[in-house]
Student: 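Below is one structure. I have some questions about it.
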Amino acid sequence: MHSVRKVTEDLYWVGGNDRRLALFENIHPIPRGVSYNSYLLLDEKTVLFDTVDWSVCRQLLENVTFLLNGRPLDYVVVNHMEPDHGASLEEILLRYPNVKIISSEKAILFMRQFGFTIDGKTEQVKEGDTFAFGKHEVTFIAAPMVHWPEVLVTYDKTNGVLFSADAFGAFGALGGQLFNDEMNFDRDWLDEARRYYTNIVGKYGPQVQALLKKAAGLDIKMICPLHGPVWRTDLGYFLDKYDKWSRYEPEEKGVLIVYGSMYGNTESAANALAAMLVEKGIKNVAVYDVSNTHVSYLISETFRYSHVVLASVTYNLGIYPPMHNYLMDMKALNMQNRTFAIIENGSWACKSGTLMRDFLENQLKKMTVLDEKVTLNSSLKEENISDLEALADSIVESVQAKQ
Ligand code: FEO
């Protein structure tokens with residue numbers, strides 16, 4: 001059965017929601033599911049903007065069939081060829097053999113790489129090209145590496161709708177609400193939007209900045225991303241989040257404490273530090289166990305907070321492997337511009353603090369590591385409390401000094 005939403009007078013959301021998939025890209029947990037957004041324009045020509053993941057292809061087809069109501073499908077604009085959007089293109093070509101694909105040179109190359117039969121069916125476009133579908137005229141803007149190199153975003157000059165590809169997307173299935181003003185975004189969506197951005201596009205901050213600069217020259221009335229809510233009010237709120245995230249600026253002054261603990265002793269020190277920080281006036285503190293928190297959540301929180309405490313045991317004379325994995329993910333995602341504090345633990349040959357400092361200072365960019373450090377031999381004891389207090393004071397001073 002079809003399930004569509006009207007977006008403007010002649011534009012419809014025709015995507016689908018997947019609440020069965022456990023791991024997005026087979027990596028990132030999505031306990032609230034994900035939406036694959038696709039949009040159908042009914043002008044003098046009929047135009048589908050991107051398709052959907054194979055898992056919701058049937059829903060897309062039912063939606064498109066219902067709205068076309070016997071009309072042919074004239075065009076499909078492919079802004080992004082990653083299979084969570086491009087996989088259903090082949091089925092669209094089979095159902096609508098006369099449809100023309102409008103896309104970038106690289107996306108057309110990717111269609112061939114994925115094995116699609118597209119000879120004679122493509123119209124290649126590049127930045128600045130325009131296309132008229134009747135009342136609506138669109139222009140294409142290159143957005144390379146947001147999130148793949150072939151990405152275009154499409155701007156409808158007639159009504160100010162921006163089809164933004166992965167940009168401005170979010171994890172989470174849509175629960176009937178489509179528009180940002182139909183939901184409590186801050187309460188129900190922001191965390192998953194941040195986790196989506198930081199883990200999927202986070203590496204490409206400079207490229208997102210380039211897209212934001214191009215977007216600033218457009219009169220955008222509505223943002224239609226490929227995942228999550230459509231933005232039609234308060235666009236500045238979300239643009240500001242994207243601006244911060246892509247400049248690697250923290251959203252909030254606060255302290256994220258991530259600990260790696262085998263038997264609870266390092267955990268105990270992390271909890272003691274958290275309580276000290278709150279007592280000293282830093283109320284915005286979050287504590288996570290690196291071993292049972294998926295790293296995508298840790299990355300998202302790292303983008304959020306200004307300060308990060310790493311508390312790690314020493315393991316095989318190295319950094320505790322889950323902590324090392326977190327650091328490697330920070331590196332992969334180009335994480336930068338944060339202040340760190342370190343707690344290390346080891347029953348013999350305690351090395352994790354030195355190794356974590358070296359990683360932060362030499363493998364990541366623009367990271368500050370506070371001089372104070374707490375070294376534990378097996379467990380936190382009275383003799384360590386003054387060091388822990390000194391570390392807490394140093395963190396408080398740094399948080400309060402940050403603009
Ligand atoms: Fe939602 Fe880069 O695909």
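Ligands are counted one by one from 1 in listed order, and the atoms in each one are counted from 1 as well. What you see below is based on every heavy atom in this structure, not just the backbone, and it leaves out hydrogens, waters and symmetry mates.
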Student: Closer than 2.8 Å to atom 1 (Fe) of ligand 1: how many protein N, O or S atoms are there?
Tutor: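 N, O or S atoms of the protein closer than 2.8 Å: 4.
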
Student: If only side-chain N and O atoms count, and only distance matters, is there a donor-acceptor pair under 3.5 Å linking S261 with E267?
Tutor: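 Their side chains do not contain a donor-acceptor pair, so the 3.5 Å distance test is not met.
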
Student: From L391 CG over to D387 CG, what is the distance, rounded to the nearest 0.5 angstrom?
Tutor: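 L391 CG to D387 CG: 8.5 Å, rounded to 0.5 Å.
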
Student: Closer than 3.5 angstrom, by distance alone: can the side chain of N199 be matched with the main-chain N or O of S296 as a donor-acceptor pair?
Tutor: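 Confirmed, N199 side chain pairs with S296 backbone.
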
Student: Using 30° and 60° as the class limits, which term best fits the ring planes of F131 and F133: parallel, tilted or perpendicular?
Tutor: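 Ring orientation, 0 to 90° scale: parallel.
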
Student: Please tell me whether Y36 and S88 have a donor and an acceptor in their side chains that are separated by less than 3.5 angstrom.
Tutor: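 Not at all, the side chains of Y36 and S88 share no donor-acceptor pair under 3.5 Å.
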
Student: Looking only at the side chains, is there a donor atom on one of H85 and D166 sitting less than 3.5 Å from an acceptor on the other?
Tutor: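 Present: a donor and an acceptor within the cut-off.
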
